[in-house]
Amino acid sequence: MRRIYLDYNASTPIDPAVAATMELFLTDHYGNPSSGHWAAAPARAVLENARRQIAALLGCEDDEVVFTSGGSEANNLALKGVYFARREIGDHIITTQIEHPAIIEPCRFLERLGARITYLPVDRFGRVDPIDLSLAITPRTILISIMHANNEVGTIQPIEECVRIAHERSVLFHTDAAQSVGKIPTNVNDLGVDLLSIVGHKLYAPKGVGALFVRRGVALEPLIHGASHDSGRRAGTESALLAAGLGEACNLACDLAPMKKVRALRDHFWRELQNAFGNRVVLNGHPEYRLPNTLNVSFIGQVGADVLQLLDGVAASTGSACHAGQITLSPVLHAMGVEPETGLGAVRFSLGRATTRDEIDTVIARLRRVVSEAA
Ligand SMILES: Cc1ncc(COP(=O)(O)O)c(C=O)c1O
């Protein structure tokens, strides 16, 4: 059975250009970037180059980039870092019900320390209403964290409008851009955000590396205390190997042209599903404000996990689980008000730069077979 990968929102393969850039650091360039001798120079140079490449993608200054071990750490650093730096000013944070666990769980942790967290609802397309945000802000609000685009359904949030509301009330704004970087524009000045998280392995770089954009002047308590790496914002000898990979991946991601092809394939996929299944298939997520690579659909009357199993060889994700006859919807679909019977049949297909028309047509043909089989 031919294997087809349609789970790019979970992780991407490493781009060959990224791998080539990293290769030298496996065998050579082993110096500590902070040392004062010849062995440090190549490592230091590549770190600074990577910082420049990340900054170029985000439209920020080099010194506004902090390397992290990935998206979870970047999000934890944003939330806890701001909370610990500003808790004399206030103790209230606003986020949404559809964030990734890398936001929800640090928020729950901060609640245990005494923070007050508001989890904003979303509409049936997964979008936050800026009016709800405006009403939730109090004089004690220190931070708002709203994801740029959702990992499950791809819905894109009205970040610019939310940032305007936050700044009118002097509240800092963070966005988790793990899923949006490299797929849609993510210039921090166009968005207006104060903090923004990116993740290497969603972007054709390796796992274990990411970055947090921290606007100049934003005070942040580090999560990891130690020597003064990354301007005192994250201690630990930097990995030139991983930084080089992330930098090159960001360099490639500046060109959004490949996303045109991805969007066209994704739209072809959706049209063909509608032709095949009519009203037995529904779209989850916003029809327009949605990542160009993401297609989350529910096969009515089916169980997403069963469909995936029958689709033998196709890597994709489900949005719900069924244990002992009990349906557990993902918190995202639940917050969107998706009926359990519909949510149970949800499957997320996420396409990438390497996805071909032939792969999509093969998956459609297999779906035609297995979905009618299981009905
Ligand atoms: C929206 C979002 N934020 C954060 C993360 C966490 O990234 P990592 O697993 O690299 O820590 C992910 C990964 O799935 C994600 O999709």
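- In Q309, the CD atom is not crowded: 12 or fewer heavy atoms of neighbouring residues, nucleotides or ligands sit closer than 6.0 Å.
- For R140, the CZ atom is densely surrounded, since the number of other residues' heavy atoms within 6.0 Å is greater than 12.
- Side chain of N189 to backbone of G59: a donor-acceptor contact under 3.5 angstrom is found.
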side-chain contact (heavy atoms from CB on, under 4.5 Å) for N75 and H174? Distances and angles first, verdict last. CA-CA 9 Å; N75 286 344; H174 166 254; 3.3 Å; yes
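- The CG atom of L308 sits 11.5 Å away from the CD atom of Q302 when rounded to the nearest 0.5 Å.
- In terms of heavy atoms, L203 sits closest to A249 at O-CB, 3.3 Å.
- Placement of L223 and I93 within a single hydrophobic cluster is found when ILVMFWY residues are connected by side-chain heavy-atom separations under 4.5 Å, directly or transitively.
- Within a 6.0 Å radius of CD1 in I131, no more than 12 heavy atoms belonging to other residues, nucleotides or ligands are found.
- Closest approach of G343 to V338, counting heavy atoms only: N-CG1, 3.5 Å.
- Side-chain contact between R348 and N284 is absent, with no heavy-atom pair separated by less than 4.5 Å.
- Between the side chain of N296 and the main chain of E152, a donor-acceptor pair closer than 3.5 Å is present.
- Dense packing is recorded around NE2 of H167, with more than 12 heavy atoms of other residues, nucleotides or ligands lying under 6.0 Å away.
- Here M336 contributes atom CE and S330 contributes atom OG; the two are 8.5 Å apart, rounded to the nearest 0.5 Å.
- There is a side-chain donor-acceptor pair under 3.5 Å between E99 and T96.
- Taking SG of C162 as the reference point, atom CG of L133 lies at 5.0 Å (rounded to 0.5 Å).
- In this model, a donor atom of one side chain and an acceptor atom of the other lie less than 3.5 Å apart for S317 and D7.
- Here the closest heavy-atom approach between residue I103 and residue S145 is recorded as CD1-OG, 3.6 Å.
- In this structure, CD1 in I117 is found 7.5 Å from CG in L79, a value given to the nearest 0.5 Å.
- Taking all atoms of both residues into account, the shortest heavy-atom contact from R2 to R366 is O-NH2, 3.0 Å.
- Annotation for P206 and L242: closest pair CG-CD2, 4.1 Å, computed over non-hydrogen atoms.
- Atoms CG and OG, from L77 and S197 in turn, are 8.5 Å apart once rounded to the nearest 0.5 Å.
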Run T21 and N251 through side-chain contact (heavy atoms from CB on, under 4.5 Å) and show every step you take. CA-CA 12 Å; T21 306; N251 184 37; over 6 Å; no
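- When every heavy atom of L333 is checked against every heavy atom of V153, the shortest pair comes out as CD2-CG1, 4.0 Å.
- Expressed to the nearest 0.5 Å, how far OG of S180 lies from CG of N151 amounts to 11.0 Å.
- Using a 3.5 Å distance cut-off with no hydrogens or angles, the side chains of T155 and H286 do not pair a donor with an acceptor.
- E238 places no side-chain N or O within 3.5 Å of a backbone atom of H229 that could act as its donor or acceptor partner.
- Put simply, I300 and V347 are part of two different groups of oily side chains (I, L, V, M, F, W, Y) that touch within less than 4.5 Å, one to the next.
- Aromatic ring orientation, Y204 versus Y8: tilted (interplanar angle from 30° to 60°).
- Under the 3.5 Å distance criterion, with hydrogens and angles disregarded, no donor-acceptor pair is assigned to the side chains of T141 and R169.
- Around atom CG of D358, more than 12 heavy atoms belonging to other residues, nucleotides or ligands sit under 6.0 Å away.
- Checking side-chain atoms of R127 against main-chain N and O of I156 turns up a donor-acceptor pair under 3.5 Å.
- Of the possible polar contacts, none joining the T175 side chain to the A177 backbone as a donor-acceptor pair under 3.5 Å is found.
- Not a single donor-acceptor pair under 3.5 Å links the side chain of N150 to the backbone N or O of G126.
- Residues I198 and I14 fall within the same hydrophobic cluster, defined by Ile, Leu, Val, Met, Phe, Trp and Tyr side chains chained together at heavy-atom separations under 4.5 Å.
- K207 places no side-chain N or O within 3.5 Å of a backbone atom of G200 that could act as its donor or acceptor partner.
- Under a 3.5 Å cut-off, the side chain of N49 and the backbone N or O of A45 do not form any donor-acceptor pair.
- Side-chain N/O atoms of N9 and T294 include a donor and acceptor closer than 3.5 Å.
- For the pair L367/E272, no side-chain contact is recorded, criterion being any heavy-atom separation below 4.5 Å from C-beta on.
- Put simply, I89 and I137 are part of two different groups of oily side chains (I, L, V, M, F, W, Y) that touch within less than 4.5 Å, one to the next.
- L26 is listed as a side-chain neighbour of L241, based on a closest heavy-atom distance under 4.5 Å.
- Between Q53 and E248, the closest side-chain pair of non-hydrogen atoms falls below 4.5 Å.
- Side-chain atoms of E64 come within 3.5 Å of backbone atoms of R216 as a donor-acceptor pair (strictly under, hydrogens ignored).
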Can you list the steps and then say if K202 with Q179 is a side-chain contact (heavy atoms from CB on, under 4.5 Å)? CA-CA 7 Å; K202 313 284 186 189; Q179 293 293 344; 3.8 Å; yes
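- For the pair R51 and D230, the salt-bridge criterion is met [side-chain N within less than 4.0 Å of a carboxylate O].
- Side-chain atoms of L47 and F67, non-hydrogen and from C-beta on, do get closer than 4.5 Å to each other.
- Geometrically, R108 engages Y119 in a cation-pi contact defined by less than 6.0 Å to the ring centre and at most 45° from the axis.
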Residue pair L191, F173: steps toward the side-chain contact (heavy atoms from CB on, under 4.5 Å) verdict: CA-CA 10 Å; L191 292 171; F173 198 101; over 6 Å; no
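- Within a 6.0 Å radius of CZ in R3, no more than 12 heavy atoms belonging to other residues, nucleotides or ligands are found.
- In this structure, the side chains of P121 and D132 come closer than 4.5 Å at one or more pairs of heavy atoms.
- Annotation: side chain of L283 is in contact with side chain of L295 (closest heavy-atom distance under 4.5 Å).
- In this pair, Y30 and W38 present their aromatic rings perpendicular. The plane angle is above 60°, beyond the 30 to 60° band.
- Taken together through direct or relayed side-chain contacts under 4.5 Å among Ile, Leu, Val, Met, Phe, Trp and Tyr, I94 and V128 form part of one hydrophobic cluster.
- In this structure, I142 and L172 have side chains that are not in contact, with every pair of non-hydrogen atoms separated by 4.5 Å or more.
- One side chain, E73 or S69, offers a donor N or O that lies under 3.5 Å from an acceptor on the other.
- Proximity of a side-chain donor or acceptor of K261 to a complementary backbone N or O of R353 within less than 3.5 Å is detected.
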